[in-house]
4 protein chains.
Amino acid sequence: MNSRKWDTPQPRKLPRQTRASNTIEAVLEAAVQILIAEGTRGLTTTRVAKRSGFAVGTLYQYFANKDELIDMLVHRHLNHVVACAQIACSDQNGANLGDMITAVADAFFAANIEKARDVRAIHLAWMRIERSELFCEAFARLRDTTTSMFASSPQLDSVHIDTIAHKLVSMLIGTIRAIFEQGMDEALTTGTREQIVNVHCLYHPTDASLDTAVSTAH
Amino acid sequence: MNSRKWDTPQPRKLPRQTRASNTIEAVLEAAVQILIAEGTRGLTTTRVAKRSGFAVGTLYQYFANKDELIDMLVHRHLNHVVACAQIACSDQNGANLGDMITAVADAFFAANIEKARDVRAIHLAWMRIERSELFCEAFARLRDTTTSMFASSPQLDSVHIDTIAHKLVSMLIGTIRAIFEQGMDEALTTGTREQIVNVHCLYHPTDASLDTAVSTAH
Amino acid sequence: MNSRKWDTPQPRKLPRQTRASNTIEAVLEAAVQILIAEGTRGLTTTRVAKRSGFAVGTLYQYFANKDELIDMLVHRHLNHVVACAQIACSDQNGANLGDMITAVADAFFAANIEKARDVRAIHLAWMRIERSELFCEAFARLRDTTTSMFASSPQLDSVHIDTIAHKLVSMLIGTIRAIFEQGMDEALTTGTREQIVNVHCLYHPTDASLDTAVSTAH
Amino acid sequence: MNSRKWDTPQPRKLPRQTRASNTIEAVLEAAVQILIAEGTRGLTTTRVAKRSGFAVGTLYQYFANKDELIDMLVHRHLNHVVACAQIACSDQNGANLGDMITAVADAFFAANIEKARDVRAIHLAWMRIERSELFCEAFARLRDTTTSMFASSPQLDSVHIDTIAHKLVSMLIGTIRAIFEQGMDEALTTGTREQIVNVHCLYHPTDASLDTAVSTAH
DNA sequence: AATGAATGAGTATTCATTCAT
DNA sequence: CATGAATGAATACTCATTCAT
């Protein structure tokens, strides 16, 4: 009857785990909110703590220092985006070039749009820490994934794979950056997506799709 | 006799002006040096003053506050770049589309490469102040200039002018940003330049240059 | 059946006692280890708790606060040393002056050397709490014990007893402090011991015991 | 007539110098006061600043950090004491051993007693920073000075000079420490002084009463 | 009793800005 | 105009202590 105690077999670990992850979540969410609402300048540990509903000390129980907090913010998002792109890639193994590019681009954009708020926050946070490694590493992972996907396509001669992968990925990232930095409007976003798809078709001039790409461009 | 003072019509103002601009120049230069050498975190008013050879107080005689100093840094460069682009544009009035694009792109890149050190510094400074207006405004001016240049071309139907101008400018800016942020290597840079030129040719599919573009792409 | 509880007569108290003292022991030992390894600055309650294998909360079940923990550390050692000296004193009742001094000094040094690690730790801890009472009190006890030992000697006229006792004890303590603070080398230590024995004989120069003292010294 | 401006030839450098050293003086004095009044625990940069009558920022214009402030406190005093001892030493060149020892000991004690308040403060501060180098270095300087003074005496065979110097200096320091740490009373102090002088006479074997003692001492 | 997450007052330190000289 | 000492609000981070579980 006074059951709860007996029903759950492993009550010890889970609460801790949950409490901790709740706290972390709350802190990160608070950081995002503040970044969006007040910009980088407003992002002080005290304010993050206060908004998260926890004390400063608690924040420091989970993050060694402010930079690490921001790092985690960046990391989380980049990992998410890369993961989404990787799934899209593996779904397209053996498909034709156009589909591949479209799929990756769409997955990439979707992952970013879906967490638009975080992306904006990350972009702001990004500046304070001066560690582009995080971005570079994510960039590399994305490029590698894309490269191996392209490798599964009989359409592409191996000479171009690397170049195309590099271009694709840098355009994807560049676009995202532009969107959230300069606040381009949706329309532009869509246009950019098409452009990305088209541009890469240039690298396969024998493909019939080139004509289509060009004609749909305007 | 003790002539000099009376010979020149405006003796009081000019020297001051000169002194002032010397000071401003020295301060801005110091800021650039520090930004490059020590990053955003090292950019303190005291340090800028010391490196400039003036006292902090003097710095505040010419800049209302730190942000204004950075603003001026950004402004100066953006104005320079836009001015260069504008000259290129006016030189191409009535030329054909390909030449126009090439000219603007080249002028734009040249202006940035020429002051590469400043661009790097500005990119770092950029982060601390959160005023994208400056960039947006420069972006707009560049786009307008390009648009009116395009308008002088009989090749382009007015429907596409806006789109192409926008694309061109955003690609230019995006590229510059990428170069200085991710440190892309020269080779890539060159590739990007070609890409820019080519991509825009897509918008004029009937033009013979498309084929060339494609064939030079690889 | 579920016997254990009922079989032993005082089951509740003893286990606790034992557990308690185990905990206390573990905590104090942890404090010593940390003091030696990381210095005063590293001595935080959390760290002591963690190293002791218990939780912070548990630590606070046995010590009202951090200072009390350090107090206990100091107390324990001082009590030990004084106790050793007292035993030596009572063993020397009625002996001659030289033997008395030698015995106390040796007992004192032995007790400190034996727990050299603790002494070092205590010295570091000593600084944070500002309660010289502890030391003063131990000093007084030591002096009193020594005084009454000397009083049992027919050799000494009462005039000098207090002075000699005071000197002896302060030299003992001073020496220990010097050894652990300045890390004097063994040779010096030995020299000091001899000096202590000799110096005190100075106060009774005409006394025949001087010779004895000197000869027993090595 | 409106003279002041013209009377003083070098008005620029001095005011600065004076202002600066005044500030430093005020800050150090404030630190001493606080240490004496409130102990090590009360010594916070903010409080020191407040009591000195300056702002925290000013404090940090002269001391890189809290530890450096304390360092300077310690340094200043040690330098003073060593300097006093050195003067005493040079005054005794060629004198006899007894006078030498007496002179150094007296100079040493005088220098400490004279600044008793500082010494107390330093003793408290001493503990927070864990840099015995300062003391060791002062100790070494004192010993070297004493050694060379002894070397000027024809009375002493070179074998003993080092030992005596070392003993003398370590007793001096030990005594001072004891006085200010355990708060020994004046009477004791005097006694100690005599003891120091006497002890070292042991090393002067011409004294009849001490032959035995001396021979066992080494 | 034991736990360890949460607390938050307290501390060192920085840096944009002012102002008396 | 120039100076640079002085300012002090703001910030990151610590750690002794509590308390719900």
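Note: hydrogens, waters and symmetry copies are ignored here, and every other heavy atom, side chains too, is used. Order of the sequence lines sets the chain letters (A, B, ...), proteins ahead of strands, with each chain counted from 1.
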Worksheet item: Tell me: CG of L69(C) to C1' of dC15(F), nearest whole Å?
Response: 15 Å
Discussion item. Once pairs are restricted to Watson-Crick or G-U wobble with both distances under 3.5 Å, how does DNA chain F read as a dot-bracket string, [ ] for crossings and | for other-strand pairs?
Written reply: .||||||||||||||||||||
Worksheet entry | Pair listing, salt bridge (charged side-chain N to carboxylate O under 4.0 Å, His left out) test, anchored in residues 27-37 of chain B, at least two apart | E29(B)-R117(B)
Worksheet item: Among all residues two or more places apart in sequence or in another chain, which pass the salt bridge (charged side-chain N to carboxylate O under 4.0 Å, His left out) test with E68(B)?
Response: none
Worksheet item: Between the main-chain N or O of T45(D) and the side-chain N or O of K50(D), is there a donor-acceptor pair closer than 3.5 Å?
Response: no
Item to complete: Give the rounded distance in Å between these two atoms: CD1 of I70(C) and P of dT17(F).
Response: 10 Å
Item to complete: Check each of L59(D), L28(D), T58(D) against T23(D) using the side-chain contact (heavy atoms from CB on, under 4.5 Å) test, and report the only one that passes.
Response: T58(D)
Worksheet item: Taking only residues two or more places apart in sequence, or in another chain, which ones meet R47(B) in a salt bridge (charged side-chain N to carboxylate O under 4.0 Å, His left out)?
Response: E38(B)
Worksheet item: What does nucleotides 6-12 of chain E look like as a protein-contact string, B for base, S for sugar-phosphate only, - for none, at under 4.0 angstrom between heavy atoms?
Response: BBB--SB
Item to complete: Can you tell me the distance, in whole Å, between the CD atom of E68(B) and the C1' atom of dA16(E)?
Response: 14 Å
Item to complete: Round to a whole Å and report the spacing from CG of D67(A) to C1' of dC13(F).
Response: 13 Å
Discussion item. Run D67(B) and R41(A) through salt bridge (Lys or Arg N to Asp or Glu O under 4.0 Å) and show every step you take.
Written reply: CA-CA 13 Å; D67(B) 280 7; R41(A) 268 164 157 134; 2.9 Å; yes
Worksheet item: Given atom NZ of K50(D) and atom C1' of dT7(F), what is their separation to the nearest angstrom?
Response: 13 Å
Discussion item. So if I apply the side-chain contact (heavy atoms from CB on, under 4.5 Å) rule between I122(C) and each of V74(C), L35(C), L134(C), which one comes out positive?
Written reply: V74(C)
Worksheet item: Mind checking what makes side-chain hydrogen bond (donor to acceptor under 3.5 Å, both in side chains) contact with E25(A), not counting sequence neighbours?
Response: R76(A)
